[in-house]
Each structure stands twice: as structure tokens, then as C-alpha cells.
Number of protein chains: 2
Amino acid sequence: MNLRELAQHLGLSKTTVSRALNGFSEVNEETRLRVVEAARRFNYTPNVSAKRLATGETGAFGVVLPGASAEMADPVFGEFLAGLADGAGRCGRDLYVNATFDGEEAGYRRLARAKAVDVMILANLKVDDLRIRLLSHLGLQTVTCGRTAGSLIYPHLDVDHEDGVRRAVELLAGLGHRTIALVSGPADLSASEQRMVGWHAALSHHGLAAAAHLFTAGPSTEGHGYRATRTLLGAPTPPTAFVCASMFLASGCCRAIGDCGLKIGRDVSVIAHDDGLATVRPEAFEPALTTTFSSIRAAGVRIAELAAQLVGGADPADLSEVWAVDLIFRDSAQAPPRR
Amino acid sequence: MNLRELAQHLGLSKTTVSRALNGFSEVNEETRLRVVEAARRFNYTPNVSAKRLATGETGAFGVVLPGASAEMADPVFGEFLAGLADGAGRCGRDLYVNATFDGEEAGYRRLARAKAVDVMILANLKVDDLRIRLLSHLGLQTVTCGRTAGSLIYPHLDVDHEDGVRRAVELLAGLGHRTIALVSGPADLSASEQRMVGWHAALSHHGLAAAAHLFTAGPSTEGHGYRATRTLLGAPTPPTAFVCASMFLASGCCRAIGDCGLKIGRDVSVIAHDDGLATVRPEAFEPALTTTFSSIRAAGVRIAELAAQLVGGADPADLSEVWAVDLIFRDSAQAPPRR
DNA sequence: CATATCTTCCAAACCGGTTCGGATTGCTTT
DNA sequence: AAAGCAATCCGAACCGGTTTGGAAGATATG
């Protein structure tokens with residue numbers, strides 16, 4: 001059932017039917033109801049390809065997966081993508097996922113030339129992310145998850161990782177900890193840099209040293225969290241508290257602490273950032289983990305909404321948000337042992 | 001730059017240019033080279049929307065994410081999706097990801113009516129999966145990752161989980177284990193059923209009992225692996241060997257074994273199924289895990305290829321594959337302790 | 001009553017490709 | 001020389017929507 005057939009059935013023109021369905025004002029209310037009713041009855045859905053060609057809008061948001069990278073194996077990214085798809089669905093859009101064997105840049109160029117998407121979504125922003133410049137050069141509208149220091153203005157949603165770590169460190173310092181380590185994710189990520197800034201700021205605010213050996217960066221995995229923590233605990237002056245950038249790092253961190261014969265809470269404190277994944281819940285830890293929390297899925301949903309507004313002609317300068325994190329007290333952060 | 005402009009530049013008709021670029025025989029070789037060269041020089045890429053409208057093919061494969069589910073938080077699914085997108089890219093297709101707040105079925109119906117995709121991809125097949133019937137009823141071509149017992153013929157790629165578990169159990173039985181537990185994923189999954197069949201078959205082949213309390217099913221997470229293993233080890237006759245359906249279950253299983261004061265390999269043996277995720281590698285375990293291996297990413301790539309062949313008119317009956325798993329010996333499976 | 005305005009609808013053009021049905025040219029056949 | 005044929009190319013129709021620029025009739029205004 002296409003538009004022409006539907007119009008014939010109704011004894012109307014394609015024009016009127018199209019306008020009735022798209023909510024234009026210049027069609028009689030009675031007629032509109034007839035049209036809408038008939039569309040429902042005949043199970044009519046506009047052909048997306050035709051709609052796209054006619055409007056120039058594709059109705060899709062694009063995501064490029066870097067081919068070789070293990071990004072998709074990162075459940076946080078997966079959850080973000082789910083949120084994105086969810087939010088896109090609510091706005092009547094879809095997600096166009098393009099994984100390129102020939103490099104991420106080629107993927108963007110191809111999507112741009114083929115006019116395959118309305119907006120590109122960028123996640124896991126690097127400290128100085130070249131992709132932003134590339135996309136703006138290609139004339140592709142972009143919304144990012146995360147932000148960089150650069151001068152370009154682009155719609156983005158970011159979680160305030162700097163403040164999250166700052167508050168975590170201040171909580172620990174307030175409890176009496178003097179040696180506080182930061183177990184962070186990949187060093188080239190903008191979020192990691194933000195965390196380091198927050199860590200430095202909170203430490204210096206309390207007159208504590210931000211010794212270089214107390215900061216580690218690496219993949220956001222259980223394995224790296226374990227190794228980093230083992231190394232840190234083996235140092236001459238081991239930290240009494242750990243701030244972990246993700247629940248996976250925290251898993252490894254906790255395992256390492258246990259393997260060293262220490263007890264979390266009593267001997268060593270841990271605060272982790274929780275992205276709200278259903279599979280790794282802070283309450284399931286023993287003891288339950290104190291966390292900074294921000295739902296990455298909700299961020300994905302919201303970014304899709306921002307992208308839809310961008311397509312709708314909203315001013316890009318108005319489409320940025322920075323979300324505060326929640327600091328949730330549980331049992332893994334306690335006063336350090338007397339010595 | 002569109003087709004008309006390109007044709008004008010070349011002094012040719014749209015028809016000829018289109019045919020030259022699409023490799024039709026009725027265009028002079030010399031002309032074709034001129035056209036291809038010009039297309040490259042002017043950076044011409046056909047508008048996907050127009051192409052789709054004209055051909056009726058959408059150039060995209062569809063994936064529907066069940067809205068409420070935590071499927072995307074499952075890194076295995078994420079890696080599968082990455083493989084899918086990768087394979088689709090190689091075939092010049094893209095992935096259309098639709099997450100629906102109003103239920104998975106509504107998502108399929110919408111994509112079908114809007115003719116938004118050429119082929120639907122289904123993963124995580126249930127034992128009796130209603131989606132297959134729905135899609136065939138909607139007239140949507142489908143390729144699945146996994147297979148069910150039903151009578152419908154549909155192109156699929158499946159990993160031979162039954163044989164994987166059978167060989168794992170036979171290895172353990174051959175080493176002398178008499179009590180072998182199966183720590184499996186969600187019970188409603190077809191793969192889980194296959195595993196149970198393999199477990200039963202191998203046990204009975206060795207004259208061993210497949211006691212009901214030695215089989216557990218649940219979410220494929222570290223947490224569930226831990227809890228299940230704790231329960232199993234607390235039983236009157238605890239197993240001396242565990243077969244885990246995923247690396248995450250195995251992580252929890254190993255942690256539980258350690259927490260019970262047992263040593264993997266010496267006291268208890270473990271074999272896990274490894275989907276080849278970069279973040280949880282069997283070599284990183286202590287001791288290194290013996291595994292059955294099959295790359296889920298490669299499966300995704302291949303499924304995209306099968307989907308492309310299906311669009312190309314291949315006979316659905318010829319498009320099914322079952323992949324054997326590799327059994328890789330490491331250190332976590334040893335003879336049981338003397339008693 | 002003539003004119004202006006509003007409401008409601010439509011025919012036709014357009015988006016950018018693909019493809020059907022010739023048309024033209026040059027080369028073999030008979 | 002006429003007919004047959006292959007190689008090349010083109011005009012126009014088509015895919016299924018949206019949108020422009022009226023047109024017809026009803027209502028308001030002077």
C-alpha cells in the first residue's frame with residue numbers, strides 16, 4: 001500500500017493525503033481524520049527510502065565503529081549504543097552503524113558523501129580529537145558524548161568526570177586518607193584527562209601530593225585494574241585508597257586487594273565510577289562499593305534527542321549539557337587504619 | 001555532485017554513466033574508464049536514498065535491540081554486532097539498528113512496513129523462537145545466529161555448542177573426573193539447550209550421572225558464575241570439574257573456587273567457552289584457562305556475508321553453516337586429586 | 001454587488017538514481 | 001545492395017514520497 005493507492009481509495013490527491021498524515025494545517029480536520037483512519041486500516045507506512053529522497057533528510061543517525069579496535073567489546077560503549085538506539089527510536093529515527101575495515105576516517109567520508117545520515121554521533125572523545133575537525137570539514141553535523149578543550153563549538157553531552165573524581169577524592173581525604181591513587185582508563189581519552197585534573201585539584205586542595213606513581217592509565221578492563229593495583233600496592237608507600245574510573249577497573253582492583261591479604265573498607269578504601277550497567281552492580285561487591293554514578297544509557301538516549309533537535313534546526317550552541325554525577329555512599333570507603 | 005551533473009560534465013547521458021559505474025556490459029570500455037576516472041576526480045558517490053528508492057533494495061541489514069533488555073550490556077553481543085557491521089561494510093551494506101521502547105515485535109513490524117532493511121539479523125535465539133515465525137509472516141528475509149529445532153528453514157550460522165561441551169566433558173572424564181558440573185547461560189537460549197544436550201551425552205557415554213543439581217543456568221555474568229559455583233561447591237558431593245558457557249561465568253567460577261581455598265587445576269578443573277573477546281583472554285587467568293574457542297566476531301562477519309548472498313538471490317537452503325569449536329588445552333584442566 | 005481573503009484541495013515538478021525500449025552507427029552476411 | 005546483427009548510447013518512464021504554485025468555492029469586507 002503506497003501513497004498513491006491510499007489517495008485513490010480515499011478519492012483524494014497524494015498531496016492532501018501526505019499533508020493530512022504529516023499534520024499540516026491546510027487540510028480539513030474531518031478529512032484528516034478520514035485519512036488517518038484509512039492509513040491505519042490499510043496498514044500504511046511511508047516508504048522510508050522515498051521519504052528520504054524527497055526530504056533530503058535520512059532519518060538516521062550515524063555511528064562509526066573503528067574496525068580494528070575492541071571498542072564494541074567494551075560493555076559501556078555497548079550500553080551507550082543501546083541508549084542511542086533507544087532514544088533515536090523515540091524520535092522516529094534509526095541508527096546507522098558503519099564499521100569500516102579501511103579505517104574510521106574512510107567511514108566518515110563515505111557516509112558524508114553518500115548522505116547516509118543526518119547527524120554523526122561521536123563517543124570516546126580523545127583529548128585532541130581530530131574527528132571533530134574532519135566532520136565539520138565534511139559538512140556533517142555532529143553530536144558528541146564527551147568534550148574536548150578545542151575551540152570548535154559542537155553540540156555535546158558530557159559527564160562531569162572531573163567533578164566526580166574531585167568529590168570522590170575529597171570524601172576520601174575527609175576520611176583521613178593521605179595517599180590516594182587514581183586508576184584510570186586509556187590516557188588519550190578526554191575523560192581520563194578530566195579525571196586527572198579533578199584528582200590533582202582535590203589533592204592539592206587538601207595539601208596532598210599527587211605523586212606521579214599514584215596515577216595509572218590503561219584499558220578499562222578487570223585485568224588492567226588488577227595489574228595496576230598490584231603494582232601500586234607493591235610500592236614503598238602504597239595508597240590507602242583507590243579511585244577507579246570504571247566498574248571493571250574496580251573489579252580488578254578489588255581482586256588485587258584481596259589477593260594481597262587486605263580487606264576493602266577496613267584496610268583499603270575504594271571508590272569507583274559506575275555507568276549503570278546491569279551486569280556489574282556496585283551492591284554485588286563485597287563490601288558494596290561506594291560509587292560516583294551516571295547512567296551511560298540515559299546519556300545515549302539524551303544524545304539522540306539532541307541530535308534530533310539539531311536536525312530540527314536548533315542552534316548548535318544551545319545543545320550542550322554537562323551532567324553532574326551522583327556520589328553514592330556504600331561500604332567500601334572508610335577511614336584508613338590507624339598506624 | 002550528482003549523476004546528472006557528472007553526466008553533463010562528461011557529455012554523456014545519465015543512463016550511460018549509471019551503467020558504466022555499475023559495470024554493465026553494454027558500455028564501451030574506454031568510456032567506462034573515462035566515467036570511473038571522472039567519478040573519482042569529482043568525488044562522486046551515489047546518493048543512497050535515491051539508489052534505494054530506484055532499486056527497491058535498502059542496502060541495509062536490520063538488527064532490533066529489545067528495549068528493556070540488558071542485551072547490549074553483554075559484551076559478547078556487542079562484539080557480534082561489531083563483526084556484523086564489519087562484514088556488512090565489506091559487502092557495501094550498513095547496519096540499521098532499531099531499539100524499540102514499545103517492544104521488539106513492534107520494531108520488526110515497523111521495519112517491515114517501512115521497507116527499511118533487506119534482511120533482518122536475529123541473535124540469541126530462544127529454544128522456540130517466535131521471532132522467526134513473525135518475520136517469515138511479515139515477509140522479511142532473515143539470517144540468524146543460532147538455530148532452533150523448529151521445522152522452518154532459514155539461513156543461519158551457529159556454533160556447535162553441543163559438540164564443544166561434549167568434547168570438554170570428555171576431556172575431563174578422560175582425565176578421571178567423575179563429577180562434572182555445567183555452569184550455563186540463560187535457560188531459554190537455544191545455545192544453552194545445546195550445551196545441556198552435549199553435557200548429558202558425554203556423561204552418559206562415560207557412564208556418569210548427570211545429576212540435576214550439577215546443572216545451573218542464569219545470566220552470563222561474573223556474578224552469576226560466582227554464586228552458582230559457590231552453591232555447587234557447597235553441595236554434599238561437590239564437582240571436581242566445571243564447564244562454563246562463557247568467560248564471564250568462568251571469571252566468577254574461578255573467583256569462587258579461590259574463595260573456597262581451592263586451587264584451579266590442582267583441586268578443581270575448569271573449562272570455559274571463549275568467544276574471543278579481547279578484554280577477557282584465557283591466557284590472563286591464573287592458571288591459563290583451557291577453553292573451547294569460536295570467534296563471535298568472525299561469526300558476525302560471516303552472517304553479514306550470508307545476508308548479502310541472500311539479497312543476491314542465493315537459495316536460503318544453501319546458506320547455513322555450523323561452526324566447529326576449537327578445544328585449546330591450557331592449564332586449568334588437570335587430573336582430579338587422589339582421594 | 002464587486003473585491004479581498006481564507007479554506008481546502010489538486011496537478012505537476014522535484015529528489016537522484018535505475019531501467020525499459022528504442023535509435024544510431026558500423027560491420028557482416030546473403 | 002539489402003538485410004541482419006552487435007555494440008553503444010540515449011530519452012523517458014519509474015520508484016514513492018514532498019512541496020510549489022495555483023484553483024475553486026466559501027466567507028468577509030467595503
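Heavy-atom basis, side chains included; hydrogens, waters and symmetry copies ignored. Below, chains carry the letters A, B, ... as their sequence lines are ordered, and counting in each starts from 1.
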For the pair made of CG in A:Asn47 and P in D:dC15, what is the distance, rounded to whole Å? 12 Å
Kindly say if B:Ser13 contacts the phosphate of D:dC9, meaning a side-chain N or O under 4.0 Å from OP1 or OP2. no
Integer-rounded Å distance: C:dC15 P and A:Glu57 CD: 16 Å
When the distance from CG of B:Leu3 to C1' of C:dT19 is rounded to whole Å, what number comes out? 13 Å
Tell me the interatomic distance from B:Leu6, atom CG, to C:dT18, atom P, rounded to whole angstroms. 12 Å
For a quick test of reading the model: is some side-chain N or O of A:Tyr44 closer than 4.0 Å to OP1 or OP2 of D:dG17? yes
Electrostatic pair B:Arg52:B:Glu57 at N-O distance under 4.0 angstrom: no
What nucleic acid atoms does B:Thr31 come within less than 4.0 Å of, heavy atoms only: base, sugar-phosphate, or nothing? sugar-phosphate
Residue closer to the 5' end of DNA chain D, B:Val17 versus A:Arg4 (nearest nucleotide): B:Val17
Side-chain contact check for A:Ala50: nearest option of D:dG16, C:dT18, D:dT19 is D:dG16
Please tell me which of A:Ser25 and B:Lys51 maps to the more 5' nucleotide of DNA chain C, matching each residue to the nucleotide holding its nearest heavy atom. A:Ser25
Would you call B:Arg19 and B:Glu26 a salt bridge, taking side-chain N to carboxylate O under 4.0 Å as the test? yes
Send over the distance from A:Glu30 CD to C:dC9 C1', rounded to a whole Å. 14 Å
Expressed in angstrom and rounded to an integer, what is the separation of B:Phe24 atom CZ from D:dT8 atom C1'? 15 Å
Interatomic distance where CG belongs to B:Leu53 and P belongs to D:dC14 [whole Å]: 14 Å
Looking only at side-chain N and O atoms, does A:Asn2 come under 4.0 Å of OP1 or OP2 in D:dC15? no
Give one of base, sugar-phosphate or nothing for B:Arg52, where a contact means two heavy atoms less than 4.0 Å apart. nothing
In sequence, state the C-alpha distance, the side-chain angles, and the governing distance for A:Phe61 and A:Met120, and then conclude on side chain to side chain contact (heavy atoms under 4.5 Å, CB included). CA-CA 6 Å; A:Phe61 302 145; A:Met120 285 299 314; over 6 Å; no
Mapping B:Arg32 and B:Thr55 to their closest nucleotides on DNA chain D, which lands nearer the 5' end? B:Arg32
Whole-Å distance, A:Glu26 CD to D:dG25 C1', equals 16 Å
State whether B:Arg34 and B:Glu30 are salt-bridged, where the test is any N-O pair (Lys NZ or Arg NE/NH1/NH2 against Asp/Glu carboxylate O) under 4.0 Å. no
Does the base of D:dT19 carry an N or O that pairs as donor and acceptor with the side chain of A:Thr15 under 3.5 Å? yes
Can a side chain N or O of A:Asn22 be found less than 4.0 Å away from OP1 or OP2 on D:dT18? yes
Anything under 30° is parallel, anything over 60° is perpendicular, the rest tilted; go ahead and classify B:Phe42 against B:His9. tilted
Counting only distance, no hydrogens or angles, is the base of C:dG17 paired donor-acceptor with the side chain of B:Lys14 under 3.5 Å? yes
